[in-house]
Amino acid sequence: MLKLQSVMTYYGRIMALRGISLHVDPGEIVAIVGPNGAGKTTALNTISGVLAPKSGRIVFDGKDVAGKPTDSLVDMGLVQVPEGRQLFAGMSVYENLMLGAYRRSSADKKTRLRDDLDRIYQIFPILKERQKQSAGTLSGGEQQMLAIGRALMARPRMLLLDEPSMGLAPLVVKEIFKVIADLRKERKTTVLVVEQNVKAALTVAKRAYVLETGRVVMEGASSELSKNPEIQRAYLGKGYKHMVE
Amino acid sequence: MEQFNQLLVTGISNGCIYAIVAIGFSIIYAGTQVINFAQGEFVMIGAMVAAALLAKVSLLVAFPVAILAGCLVGAILGLCVLVPLKRAAVVSLVIMTVGASILIRGLAQLFWGEEGKNVPYFTGVSVNEDHTFHIAGAIVGAQQIWVVGITILLVIATHCFFKYTLTGRAMRACALNPTGARLVGINVHKMIILSFVMAAGLGSIAGVTVAAGIYARCTMGAALGLKGFCAAVLGGLGSYGGGIVAGILLGVVEALIVLVIPSMSDYRDAVAFVILLLVLLLKPEGILSRKKAVA
């Protein structure tokens with residue numbers, strides 16, 4: 001469904017992605033993990049058209065989309081849930097959700113918008129309770145739910161999730177990741193998720209890529225990666241004692 | 001008392017014009033953080049185009065054409081600001097709008113000349129005589145009722161646009177969080193152009209309305225633009241409601257000041273700036289905004 005081939009992205013003269021290649025098959029949940037500054041967010045922003053790659057190919061649904069503007073990618077069904085949520089803080093929960101459907105045609109909205117809204121209220125009942133409240137007054141977990149809900153209003157076929165667990169309590173993280181897993185099961189939504197919470201990411205994702213300083217340094221099935229001693233030491237906090245000895 | 005009422009009427013109708021101009025400032029500021037000092041020239045364009053056309057056609061034709069002309073100038077200015085928007089500091093863009101305002105005024109003077117052009121009252125008895133009404137001892141001109149009525153309409157229309165239409169919501173979204181707006185697929189650049197077009201449209205409506213009964217001149221924009229700017233800052237930049245209230249208050253205070261200090265009548269125009277300076281010193285976020293001035 002999505003394929004990156006030696007994608008390079010620069011911030012000015014600084015190379016942030018040093019040619020990364022990865023792929024996500026339809027209906028798959030794939031994670032990108034790695035330390036701060038590895039280029040995880042840069043990778044997502046390059047895919048979603050926020051940043052333009054310097055070179056390399058990005059193929060979505062068989063079409064080369066490298067450098068395409070975000071609005072046309074949203075039209076194609078590729079929607080990003082950004083780092084820090086980027087909600088419209090002064091606007092109500094309802095208005096935020098409605099703006100998620102911004103690119104959908106008016107004919108489509110007339111017939112299915114109400115259903116989609118109900119569906120999101122079903123997934124996140126708290127959003128229905130708070131629909132008239134300003135998005136800025138929500139708790140961190142509710143804001144993340146709203147960010148996901150807003151993206152779902154675009155009827156995405158593929159979601160790009162950037163650090164959905166950031167700043168959230170473990171229980172809320174669990175809930176959010178359950179929703180992601182359910183989306184894949186029920187709607188066949190393909191997901192590419194960037195996470196620093198490696199443990200949570202490897203639980204929900206089938207495969208993962210490990211990014212370090214703008215390169216993919218490791219990839220494989222989550223089950224195998226979570227057994228890998230290096231991953232355990234660097235990201236899962238295991239084997240620390242062994243190192244000291 | 002009668003004098004008070006009379007001055008109040010003048011104040012309110014002047015204040016309404018400031019309020020409309022202030023909305024224009026806020027719309028552009030909210031979307032770009034740029035204070036558009038060419039806002040007053042939108043007012044002038046509206047007035048001058050209407051004045052030029054009114055020599056040949058009726059107000060019903062001249063008014064819409066004047067608004068369209070204003071919108072066109074707004075779109076061009078918006079495009080000019082948009083090109084360097086990412087790279088340039090906001091201050092440079094503000095200076096750019098100052099330059100644009102001088103350019104627009106200069107071009108208008110080249111094209112229309114220095115002389116004032118007569119714009120008849122919307123519904124006057126003749127070109128130079130308006131219908132008048134006596135309300136609470138004050139003489140109210142029909143044009144003043146037009147001014148207030150049009151302002152009320154514009155305020156309601158603007159409010160509904162931002163609150164209930166998808167495009168209006170999208171414009172607010174761009175002001176609140178450009179990154180988020182982009183990610184839901186809103187074309188932020190289009191919205192910025194649209195904000196210039198709207199501000200220019202509002203300005204030119206104010207221009208046609210204010211010029212009726214008096215003369216339209218190429219130099220009329222500067223003073224009105226600055227008064228509107230004062231209102232926008234007093235109300236808290238980016239706050240539409242604040243700008244409207246502050247605009248009307250400003251008009252009223254300006255008119256009533258002669259009751260308190262009769263010798264001020266020659267310096268009426270200074271009142272706005274004295275108030276502005278005081279407010280900026282004491283409460284820089286604007287008198288009517290609760291938070292720090294954010295969009």
Side-chain angles (χ1 to χ4, degrees), chain A residues 12 41 44-45 47-52 68-92 94-106 109-110 113 134-136 143 146-156 159-162, chain B residues 26-27 29-31 33 82 84-89 158-195 235-243 285-286 288-295:
Chain A
T41 295
L44 282 200
N45 283 344
I47 298 169
S48 67
V50 173
L51 296 169
K68 269 205 174 189
T70 309
D71 46 5
S72 58
L73 289 166
V74 172
D75 288 346
M76 290 175 74
L78 184 67
V79 181
Q80 184 176 8
V81 181
E83 187 180 17
R85 291 128 205 175
Q86 311 293 351
L87 296 172
F88 308 121
M91 298 171 88
S92 71
Y94 172 81
E95 285 179 307
N96 269 274
L97 289 173
M98 281 303 148
L99 281 166
Y102 181 75
R103 294 293 300 184
R104 286 170 58 181
S105 72
S106 44
K109 277 194 273 194
K110 243 179 219 152
L113 195 68
S134 160
Q143 289 196 6
L146 179 55
I148 295 174
R150 184 179 69 182
L152 291 178
M153 286 300 282
R155 289 199 156 240
L159 272 181
L160 305 170
L161 293 165
D162 199 346
Chain B
S26 281
I27 291 177
Y29 179 81
Q33 311 291 300
L82 201 58
L85 186 63
K86 271 250 171 81
R87 289 175 282 120
T158 313
H159 174 79
C160 291
F161 171 76
F162 282 114
K163 186 90 188 167
Y164 301 112
T165 71
L166 185 64
T167 308
R169 280 177 178 157
M171 280 177 78
R172 273 162 67 212
C174 289
L176 289 167
N177 191 330
T179 313
R182 192 167 168 190
L183 287 171
V184 297
I186 296 169
N187 185 330
V188 179
H189 289 179
K190 253 193 220 162
M191 294 298 147
I192 288 174
I193 301 280
L194 187 59
S195 70
L237 261 174
S239 147
Y240 304 110
E285 68 273 25
L288 293 156
S289 88
R290 268 160 290 157
K291 293 172 295 181
K292 209 180 161 293
V294 285

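The structure displayed is predicted, hence computed values, not measured ones. Chain identifiers are assigned alphabetically (A, B, ...) following the order of the sequence lines, protein sequences preceding nucleic acid strands; residue numbering begins at 1 within each chain.
In plain terms, the two heavy atoms of L99(A) and A173(B) that are nearest each other are CD1-CB, 3.6 Å. What you find for V184(B) and Y102(A) is that their closest heavy atoms are O-CB, 4.1 Å. Annotation for K163(B) and E95(A): closest pair O-OE2, 3.7 Å, computed over non-hydrogen atoms.
Applying the 6.0 Å contact sphere to NZ of K190(B) captures no more than 12 heavy atoms from other residues, nucleotides or ligands.
The CG atom of N45(A) lies 7.0 Å from the CG atom of L183(B); values are rounded to the nearest 0.5 Å.
Residue with the most contacts toward chain B among Q80(A), R85(A), M91(A): M91(A) (heavy-atom pairs, distance under 4.5 Å).
A side-chain hydrogen bond (donor to acceptor under 3.5 Å, both in side chains) check over residues 179-189 of chain B, counting only residues at least two apart or in different chains, returns nothing.
Every salt bridge (charged side-chain N to carboxylate O under 4.0 Å, His left out) that R103(A) has, sequence neighbours left out, goes to D71(A), D75(A).
Of the two parts of L73(A), neither the backbone nor the side chain holds a non-hydrogen atom closer than 4.5 Å to a non-hydrogen atom of chain B.
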